[in-house]
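In each ligand, atom 1 is the first atom listed, and ligand 1 is the first ligand listed. Basis for what follows: all heavy atoms, side chains included, without hydrogens, waters or symmetry-related copies.
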Amino acid sequence: MNPLQARELIIDIPGREDGKALNFTIEPGQMWGVLGPNGAGKTTLLHTLAGLLEPRHGSVLLGGSSLNEIKRRQISRQLGLVFQERQDGFPATVMETALIGRHPWLSPWQMESGDDERFARQALEQLDVAHLSDRLVNTLSGGERQRVAIATVLTQAPDTWLLDEPTNHLDLHHQVAVLQLLTEQARSGRSVFMCLHDLNLAARWCDHLLLLFPNGEACWGPAKQMLVPAALERLYDQELLTVEVDGAPLFVPKKAQ
Ligand SMILES: Nc1ncnc2c1ncn2[C@@H]1O[C@H](COP(=O)(O)OP(=O)(O)OP(=O)(O)O)[C@@H](O)[C@H]1O
């Protein structure tokens with residue numbers, strides 16, 4: 001697998017100081033969480049890592065080569081992106097949407113084969129949306145749509161998953177199911193890099209964390225080293241109580257008196 005790397009990377013947020021250059025490698029088997037308040041730049045970072053936005057400085061490398069030097073088709077076989085917001089502009093069924101994940105693997109005019117359909121069906125089953133295969137995506141609930149988006153990337157089978165708030169719209173059972181699925185992806189030698197708003201889900205599931213501050217400051221490393229209450233309080237500008245449950249820290253916001 002070709003690991004994704006940020007090298008001296010400054011993401012381009014209009015009007016913001018450069019802040020700290022990002023230098024990290026998302027190694028096979030790792031599960032990263034990106035934490036930060038609204039507007040800190042999490043989505044901008046994810047889109048920059050996917051090659052959809054140009055960095056202000058530095059570069060994003062895939063297997064040691066800059067993304068700019070790699071054909072989009074090659075990139076799409078290696079990187080999968082689950083967006084935070086989706087525009088379902090034209091009517092497509094759930095199955096048609098999941099099959100889009102096979103496009104990087106087909107030649108331009110090649111039709112999907114039975115194997116592709118099997119692959120898509122398995123992904124829809126894993127995300128518990130196979131029963132919706134014939135429904136139009138724009139008729140689904142927010143959580144169902146989110147699971148179809150994740151199934152589409154599962155169908156794509158990238159080495160590196162980039163996800164923007166993958167637990168958005170999901171009920172507790174499906175949040176856990178999705179994080180479990182991503183854990184299995186990482187255990188099988190792929191890598192996961194996701195923005196999360198839920199600090200406790202990140203503390204429980206991620207082995208690496210990147211904290212992104214609104215002024216461009218950042219720190220990253222193994223989750224245990226990053227889960228320092230004082231740093232998290234500064235990150236969110238919110239006082240926290242820390243308790244330990246099941247051998248892991250649990251952070252609870254302090255109520256104003
Ligand atoms: N095209 C643009 N023009 C001007 N400012 C922009 C543009 N795109 C993003 N921004 C700003 O860049 C900052 C970072 O946005 P981004 O969506 O990356 O934040 P985020 O950390 O993902 O936030 P959230 O938690 O709310 O999803 C925000 O202040 C946003 O308003």
Side-chain angles (χ1 to χ4, degrees), residues 4-24 26 31-60 67-68 75 79-89 141-143 145-150 153 160-171 174-175 178-179 182 191-206 208-221 223 226-228 231-240 251-253:
L4 191 66
Q5 284 177 286
R7 270 286 166 77
E8 295 300 323
L9 180 69
I10 307 277
I11 56 174
D12 194 17
I13 295 188
R16 189 164 91 177
E17 298 281 309
D18 283 357
K20 187 174 171 67
L22 303 175
N23 282 290
F24 57 81
I26 309 167
M31 183 114 155
W32 284 68
V34 183
L35 297 175
N38 291 142
K42 302 178 298 296
T43 298
T44 307
L45 171 62
L46 215 60
H47 290 190
T48 307
L49 289 175
L52 303 178
L53 287 176
E54 278 296 319
R56 187 184 293 170
H57 296 298
S59 49
V60 178
L67 282 187
N68 293 332
I75 295 174
L79 298 185
L81 176 61
V82 175
F83 289 89
Q84 187 178 42
E85 298 296 340
R86 277 169 296 282
Q87 308 282 335
D88 300 308
S141 76
R145 248 188 242 208
Q146 180 74 341
R147 276 145 54 206
V148 171
I150 296 169
V153 174
T160 299
W161 286 67
L162 303 171
L163 307 102
D164 204 347
E165 302 293 342
T167 54
N168 250 3
H169 303 294
L170 299 186
D171 60 56
H174 285 110
Q175 287 183 15
V178 160
L179 289 165
L182 295 173
S191 57
V192 176
F193 188 91
M194 58 185 161
C195 304
L196 284 171
H197 270 303
D198 190 320
L199 179 54
N200 290 313
L201 291 182
R204 212 165 158 83
W205 266 278
C206 296
H208 283 71
L209 291 175
L210 188 153
L211 312 191
L212 209 51
F213 292 80
N215 63 357
E217 206 187 307
C219 57
W220 57 88
M226 293 295 115
L227 291 170
V228 177
L232 298 172
E233 287 185 338
R234 193 161 66 82
L235 184 70
Y236 291 113
D237 190 20
Q238 171 63 50
E239 282 188 276
L240 297 168
F251 302 97
V252 186

ask   = Under 4.0 angstrom from atom 8 (N) of ligand 1, is there any protein heavy atom?
value = no

query = Can you name the nearest heavy-atom pair linking Pro166 to Ile150, along with the distance?
reply = O-CD1, 3.7 Å

request  = Taking only heavy atoms of Ala40 into account, list the atoms of ligand 1 that are under 4.0 Å away from them.
outcome  = 19 (O), 21 (O)

query = Of the options Leu45, Thr43, Leu49, which is the one that meets His47 in a side-chain contact (heavy atoms from CB on, under 4.5 Å)?
reply = Thr43

request  = Ignoring hydrogens, tell whether any protein atom lies closer than 4.0 Å to atom 21 (O) of ligand 1; use the non-hydrogen atoms only.
outcome  = yes

message = Are Phe193 and His208, when compared by the centres of their aromatic rings, separated by less than 6.0 Å?
response = no

ask   = So is Cys195 close enough to ligand 1, meaning a heavy atom under 4.0 angstrom away?
value = no

For Met31 against Trp205, the heavy-atom pair lying closest together = CG-O, 3.6 Å

Which of the ligand 1 atoms, numbered from 1, are nearer than 4.0 Å to a heavy atom of Thr44 = 14 (C), 15 (O), 16 (P), 18 (O)

remark   = For Lys42, the ligand 1 atoms with a heavy-atom partner under 4.0 Å come out as 18 (O), 19 (O), 20 (P), 21 (O), 22 (O), 23 (O), 24 (P), 25 (O)

request  = Answer with side chain, backbone, both or neither: which part of Arg16 has a heavy atom less than 4.0 angstrom from an atom of ligand 1?
outcome  = neither

key: Ligand-residue contact atoms, ligand 1 with Pro37, heavy atoms, under 4.0 Å   = 21 (O)

Flag: protein heavy atom within less than 4.0 Å of atom 4 (C) of ligand 1 = yes

remark   = Nearest heavy-atom contact between Cys195 and Leu46 is SG-CD2, 4.0 Å

query = Hey, is CG on Asp171 packed in by over 12 heavy atoms from elsewhere, all under 6.0 Å?
reply = yes

Protein heavy-atom partner closest to atom 29 (O) of ligand 1 - residue, atom, separation in Å = Gly39 O, 3.9 Å

remark   = Nearest heavy-atom contact between Ala223 and Cys206 is CB-O, 3.4 Å

ask   = Any idea which atoms of ligand 1 are less than 4.0 Å away from a heavy-atom of His197?
value = 25 (O)

Centroid-centroid distance, Phe251 to Tyr236, less than 6.0 Å = no

Shortest non-hydrogen separation from Leu35 to Ala202 and the atoms involved = CD2-CB, 3.9 Å

ask   = Measuring from the heavy atoms of Gly36, does anything fall under 4.0 Å of ligand 1?
value = no

query = Of all heavy-atom pairs between Ala50 and Leu67, which one has the smallest distance, and what is that distance?
reply = C-CD1, 3.9 Å

request  = With heavy atoms only and a cut-off of under 4.0 Å, state how Gln84 meets ligand 1: side chain, backbone, both or neither.
outcome  = side chain

query = For ligand 1, is there an N or O atom under 3.5 Å from any N or O atom of Ile13?
reply = no

query = Would you say atom 14 (C) of ligand 1 touches the protein, meaning some protein heavy atom is under 4.0 Å from it?
reply = yes

